[in-house]
Each structure stands twice: as C-alpha cells, then as structure tokens.
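All remarks here apply to the structure that follows.
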Amino acid sequence: MTTDAFFGRVYHVVRQIPPGRVATYGQIARLLGEPHAARTVGWAMRASTDPTVPWHRVVNAQGRISAEGTRREGPLQRALLEEEGIDFDARGRVDLGLYQWRPPPEVSPRPA
DNA sequence: AGCCTGACTCGGA
DNA sequence: CTCCGAGCCAGGC
C-alpha cells in the first residue's frame with residue numbers, strides 16, 4: 001500500500017522489540033527503508049501514547065537516552081530498561097553491542 | 001506554499 | 001571525550 005502511515009510502520013517495528021533489548025532510531029528507520037528518517041521515528045515515539053509500543057526500548061545511536069526529561073510524567077526510560085535487565089555504564093549509556101535488538105529475517109522476500 | 005522545530009546521525013575540530 | 005554544523009523527514013503555524 002502506498003498508504004503513508006509511516007508512524008504505523010514505526011510502531012509495528014518497535015512493538016517487536018523484546019524486553020531486555022533496545023533499538024536505535026536510525027536502526028528502525030533503516031528497517032523501514034528510510035535510513036535518514038531517524039528524527040521522524042523519534043517524533044513518532046513522542047507523538048504516540050500507545051501503551052503497546054515499548055518506546056522506552058528505543059535509544060539513540062550512542063546507546064544514550066534522548067528522551068530523558070522530555071516526558072512530563074511516567075517512569076524514566078532508563079528505569080524501565082534497567083527493570084528489563086539492561087545495564088547502564090557510569091555515563092548512562094547502554095552497550096549496544098550487547099543489548100541492541102537483532103531483527104529476525106522476517107519473511108525472506110527472495111528465497112535462494 | 002513557506003518557515004521553524006524536533007525523543008536523530010554523522011563527520012570534523 | 002565534548003562541541004558544532006549540515007543533512008533528512010514529517011508536522012504544526
């Protein structure tokens with residue numbers, strides 16, 4: 001479908017991030033075929049209040065939280081992640097090489 | 001239609 | 001390691 005709903009696609013991907021794992025804005029954008037739409041992804045997260053979307057599992061490319069303090073209410077993103085077993089270093093960063101979510105191959109569009 | 005902003009990212013100083 | 005500037009995308013005014 002040519003239908004817009006870029007946001008919808010973003011949520012669809014974010015919903016697939018399992019607990020204890022994180023993804024970056026750029027990673028999601030790339031999965032959607034828009035490697036330069038990272039900002040839009042972040043915006044989609046902020047715009048959405050959908051509880052089924054684990055927005056807290058999305059951090060920036062540096063493994064750092066970009067939304068800390070931006071939210072008026074609710075638990076801090078970092079707290080939610082630590083609850084899932086994710087560890088932060090002294091600078092408040094996540095080791096992406098250790099916790100970054102690895103999206104499944106999904107339906108191979110082109111079987112060998 | 002045009003201009004500004006933003007939960008981003010990368011490259012250079 | 002931190003700071004700055006430019007590129008990209010979609011929405012609000």
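Every chain is numbered from 1, with letters handed out A, B, ... down the list of sequences. Because the structure is a prediction, the values reported are computed rather than measured.
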Could you check which residues of residues 45-62 of chain A get a heavy atom under 4.0 Å from DNA chain B? Sort them by number, please. M45(A), R46(A), W55(A), N60(A), A61(A)
What are the 5'-most and 3'-most nucleotides of DNA chain B lying under 4.0 Å from any heavy atom of chain A? dG6(B) to dC10(B)
What pairs with E68(A) under salt bridge (charged side-chain N to carboxylate O under 4.0 Å, His left out), at least two apart in sequence or on another chain? none
With sequence neighbours excluded, what pairs up with E84(A) under the salt bridge (charged side-chain N to carboxylate O under 4.0 Å, His left out) test? R57(A)
Do any of residues 24-34 of chain A sit with a heavy atom less than 4.0 Å from DNA chain B, and if so which? T24(A), Y25(A), G26(A)
Interface residues of residues 75-100 of chain A with DNA chain B (non-hydrogen, below 4.0 angstrom): none
Can you name the residues that form a side-chain contact (heavy atoms from CB on, under 4.5 Å) with P51(A), not counting sequence neighbours? none
Scan residues 19-29 of chain A for pairs that pass salt bridge (Lys or Arg N to Asp or Glu O under 4.0 Å), counting only residues two or more places apart or in two chains. none
Under a 3.5 Å distance rule, please check whether Q27(A) uses its side chain to pair with a backbone N or O of W101(A) as donor and acceptor. yes
Sort and list the pairs that fulfil salt bridge (Lys or Arg N to Asp or Glu O under 4.0 Å) and have at least one residue in residues 35-44 of chain A, not counting sequence neighbours. none
Tell me, please, which residues at least two apart from R102(A) pass side-chain contact (heavy atoms from CB on, under 4.5 Å). none
The criterion is salt bridge (charged side-chain N to carboxylate O under 4.0 Å, His left out); which residues satisfy it with D50(A), sequence neighbours excluded? R15(A)
Identify the pairs formed between an N or O of the protein and an N or O of nucleotides 6-8 of chain C at a distance under 3.5 Å, and give each distance.
unit_1: dG7(C); atom_1: O6; unit_2: R39(A); atom_2: NH1; d: 3.3
unit_1: dC8(C); atom_1: N3; unit_2: R39(A); atom_2: NH1; d: 3.4
unit_1: dC8(C); atom_1: N4; unit_2: R39(A); atom_2: NH1; d: 3.4

If you look at every strand shown and take non-hydrogen atoms under 4.0 Å, does S66(A) touch a base, only sugar-phosphate, or nothing? sugar-phosphate
